[in-house]
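So you know, we letter chains A, B, ... as the sequences are listed, proteins then strands, and number each from 1.
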Amino acid sequence: MIEQNLQQAVAGALKRLYGIEVSPDTVVLQATKKEFVGDYTVVVFPYVKQARKSPEQVANELGAAVKETVAEVADFNVIKGFLNFSVDDAYWVRFVSDEAADPDFGITKPNPSASPVVVEYSSPNTNKPLHLGHIRNNLLGWSVSELLAANGANVKKVNLVNDRGIHICKSMLAWLRYGNGETPESSGMKGDHLVGKYYVEFDKHYKEEVSQLTAQGMDEEEAKKQAPLMVEAQQMLKRWEEGDPEIRDLWTKMNGWVYAGFDETYRKMGVGFDKIYYESNTYLLGKELVQKGLDMGVLFRKDDGSVWCDLTADGLDQKLLLRRDGTSVYMTQDLGTALLRHNDFGAEQLIYVVGNEQDYHFKVLKLILGKLGFGWADKVYHLSYGMVELPNGKMKSREGTVVDADDLIAEMEVTAEEMCRDHGKNDDMTPEQLKELYHDLAMGALKYFILKVDPVKNMLFNPAESIDFNGNTGPFIQYTHARIRSIVRKAEEQGVSLTASLAAPAALTDKERAVVKSLHDLPATLSAAAANYSPAMVANYAYDLAKNFNSFYQDTPILRETDANLRLFRVKLCALVSVALKNTLRILGIVAPERM
RNA sequence: GGUUCCGUAGCUCAGCUGGAUAGAGCAACUGCCUUCUAAGCAGUAGGUCCUGCGUUCGAAUCGCAGCGGAAUCACCA
């Protein structure tokens, strides 16, 4: 690539001219700001001291030397210590011509024989439906997986469903008590919502019991433990663990409802998994690891029989791994599932897409895996993301401000339909096609809105802004794609072939060059985004490219261009932009419609 | 209280390993559809980059301190 050539040429010139030895990749090369002439800029300040010349002198000498050695450099200019290179338009034209017919432009195909990267995301509890927080998790997990795959990784997506524990017992108990045998079929409710309803029901009655007990003078902590519903839920969990068939049957039935509901939501979100783990199958794992750790001397047992890991040397506390009754805790299970997953896939890397409230947990998990002697521990990566907040603060189930995933998607689809109706551009499409389009646009808006934000940051979800289809939004990019596809289709009808050979046009316009350069950045952007586990970088790239294209499109004739060669170049340019948009949107999980 | 993360325009966000006069979108205002999709384009206005000190030729970016916000510090998951 031209960037590396320039860096090498600069490094070579530094050595020849001044005897300064630098590694080419340390040469600071950046895109020239648009108020200056040029494409790439080298900052020469770091070398002026050793060169013992003024910045301008160094820049001029370097510029002349590089221009001699790099054929693609057409010219250079110097402003203070900034050396701006102009790349020959022939280079850009050749680039477009070479890539225009490649549907995988920018993408490195996954290598199926490579050691897998296992990405865990979603990981819901089965006691209530998915909400906005899960949406960020699912979209991030899917997108990061696609992003890594687009950089050649052999990605396996996994889900660890938390299908056991006290929470599901609460729903089960409430359903037995108050449900009157209600089913998804009898109520017409989605299974996960139905089970969620009884989880809420439990909470309601439980709170009543607690307040009754405290009214009788009982301490609140004590009341929470003594409340009959809680006691019964605990007993139910115990019976579950003992394998009581009655409880197990009910559990299987209600979880089945939830899975059916989740599947529907996952399908609408367009996410999926290569393997689903169930905590009911994995929660006993990890104990052997604890024994191994004890044998190795990296864990220790306290007098009461509980087992701990001492992390004080790492600046953390002691961490419990087995309770004094010998049962495992979350960390123990996660150690077990990490090893299981590593072995299941022969994984090279494990990635966990989990909210930042678990930063501490994963820091500890990595440390303990390392202490247990697993070399792959340092390849465990916690993709930590910030909370989603609403304009009036955090989501609180108590205050009924939780944004339900299914409701949100349905609302977005309604909005998309209204927008399309207003524009009236698709009146000839079939009802099925329209439905698909509404869904694609709704999800485009939602996904882009969430993914464009840097994962580490908390983000504000403003419902009014999320359904905006103008400006820096998913539909804006989808629209740009659809417009381009329309042009390319027409070009093909007119007999323009994307594989036809191209002579170099006389000179590119500024807007053409801006679009080409933006395209040229795609491979580097994707690899940087993958290195940072950041779909946001992909989203921002796609927006930038779309904006550059629209500006070009606005005042440049394409099919109306009379010079056949120039028309061919512009059609190829259009085609390549559509491919770049389609591929980047796909990484974000967003469909790029052919028309809208 | 300890630890971690965040703080950029009225609002939501970009700003890559330090580099030129800090950028978008929304909201406000002005123009542009008999011509390839106006979900678009062009423009105006809007900034103590939380504060201070330090490192550097150069700091929104790195370091330290402080302020503000969030998360976490369970024999919960």
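Separation of the P atoms belonging to B:rU55 and B:rC73 is 40 Å when rounded to the nearest angstrom. Here, B:rU30 and B:rG66 have their C1' atoms 45 Å apart, quoted to the whole Å. Nucleotides B:rG52 and B:rU48 are separated by 12 Å at their C1' atoms, to the nearest Å. Comparing the C1' positions of B:rA77 and B:rA14 gives a spacing of 36 Å, expressed to the nearest Å. Rounded to the nearest Å, the gap between the P atom of B:rG68 and that of B:rC62 is 22 Å. Rounded to whole Å, the P atom of B:rG25 lies 24 Å from the corresponding atom of B:rC36. The same atom, P, is picked in B:rC29 and in B:rC67; the two are 43 Å apart, to the nearest Å. Going from the C1' atom of B:rA28 to that of B:rG10 covers 11 Å, rounded to whole Å.
For the 3.5 Å distance criterion, the side chains of A:Asn84 and A:Thr41 qualify, holding a donor opposite an acceptor. Side-chain contact of A:Thr473 with A:Asp468: a donor-acceptor pair under 3.5 Å is absent, judged by distance alone. Side chains of A:Asn550 and A:Arg483: a donor-acceptor N/O pair is present below 3.5 angstrom, by distance only.
Ring stacking is absent between A:Tyr479 and B:rG40, as the pair misses the limits of under 5.5 Å between centres and under 30 degrees between planes. By the stacking rule of 5.5 Å between ring centres and under 30° between planes, A:Phe36 stacks on the base of B:rA20. Evaluation of A:His167 against the base of B:rA77 yields no stacking contact (centre distance < 5.5 Å, interplanar angle < 30° required).
Residue pairs that meet the side-chain hydrogen bond (donor to acceptor under 3.5 Å, both in side chains) test with at least one member in residues 46-55 of chain A, sequence neighbours left out, are A:Lys53-A:Glu61. Counting only residues at least two apart or on different chains, the side-chain hydrogen bond (donor to acceptor under 3.5 Å, both in side chains) pairs with a member in residues 559-570 of chain A are A:Glu512-A:Arg570, A:Glu561-A:Arg570. Counting only residues at least two apart or in different chains, side-chain hydrogen bond (donor to acceptor under 3.5 Å, both in side chains) contacts with residues 488-497 of chain A comprise A:Arg489-A:Glu594, A:Ser497-A:Thr499.
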inquiry  = Counting primed atoms plus P, OP1 and OP2 as sugar-phosphate and everything else as base, spell out the protein contacts along nucleotides 3-17 of chain B at 4.0 Å heavy-atom distance: B, S or - for each nucleotide, 5' to 3'.
reply    = --SSS----SSS---

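Of the candidate nucleotides B:rA20, B:rA39, B:rA77, B:rA20 has the atom lying nearest to any side-chain atom of A:Ile79. The side chain of A:Glu35 sits closest to B:rU21 out of B:rA70, B:rU21, B:rA77. In this structure, the nucleotide among B:rA20, B:rA77, B:rA39 sitting nearest to the side chain of A:Leu441 is B:rA39.
On a pure distance criterion of 3.5 Å, a polar donor-acceptor pair joins the side chain of A:Thr41 and the base of B:rA20. Scanning atom types as modelled, no donor and acceptor separated by under 3.5 angstrom connect the side chain of A:Asp317 and the base of B:rA74.
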Between the protein and nucleotides 32-36 of chain B, which nitrogen or oxygen pairs come in under 3.5 angstrom?
unit_1: B:rU35; atom_1: O2'; unit_2: A:Arg560; atom_2: NH1; d: 3.4
unit_1: B:rU35; atom_1: O2; unit_2: A:Arg560; atom_2: NH1; d: 3.3
unit_1: B:rC36; atom_1: O3'; unit_2: A:Lys490; atom_2: NZ; d: 3.1
unit_1: B:rC36; atom_1: O2; unit_2: A:Leu559; atom_2: N; d: 2.9
unit_1: B:rC36; atom_1: N3; unit_2: A:Ile558; atom_2: N; d: 3.1
unit_1: B:rC36; atom_1: N4; unit_2: A:Tyr553; atom_2: O; d: 3.1
unit_1: B:rC36; atom_1: N4; unit_2: A:Thr556; atom_2: O; d: 2.3

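If you check B:rU72 for Watson-Crick or wobble pairing at under 3.5 angstrom, you find it paired to B:rG2. Using Watson-Crick or G-U wobble geometry with both donor-acceptor distances under 3.5 Å, B:rC36 finds no partner in any strand shown. The partner of B:rA42 is B:rU30, by the rule that a Watson-Crick or G-U pair needs both atom distances under 3.5 Å. Across all strands shown, B:rU48 has no partner, as no Watson-Crick or G-U wobble contact with both distances under 3.5 Å is found. If you check B:rC13 for Watson-Crick or wobble pairing at under 3.5 angstrom, you find it paired to B:rG23. Base pairing analysis places B:rC62 opposite B:rG54; the two distances defining the Watson-Crick or G-U wobble pair are each below 3.5 Å.
At a threshold of 4.5 Å between non-hydrogen side-chain atoms, the residues A:Val577 and A:His481 do not count as touching.
Annotated as anti: B:rC26, whose glycosidic dihedral deviates from 0 by more than 90°.
A:Asp325 comes within 4.0 angstrom of nothing in the nucleic acid, heavy atoms only. Backbone-only contact: A:Phe476 has heavy atoms under 4.0 Å from sugar-phosphate atoms and none from a base. Nucleic acid contact for A:Ala491: none, since no nucleic acid atom lies under 4.0 Å from a heavy atom of the residue. If you check every strand for non-hydrogen atoms under 4.0 Å, A:Asp468 touches sugar and phosphate atoms only.
For A:Asp325, the side chain to side chain donor-acceptor pair (under 3.5 Å) partners are A:Thr327, not counting sequence neighbours.
A:Asn550 has a side-chain polar atom (N or O) that falls below the 4.0 Å cut-off from OP1 or OP2 of B:rC41.
Geometrically, A:Lys302 engages A:Trp308 in a cation-pi contact defined by less than 6.0 Å to the ring centre and at most 45° from the axis. The cationic atom of A:Arg341 (NZ for Lys, CZ for Arg) lies less than 6.0 Å from the six-membered ring centre of A:Tyr277 and within 45° of the ring axis.
When ring centroids are compared, A:Phe362 and A:Tyr352 come within the 6.0 Å threshold.
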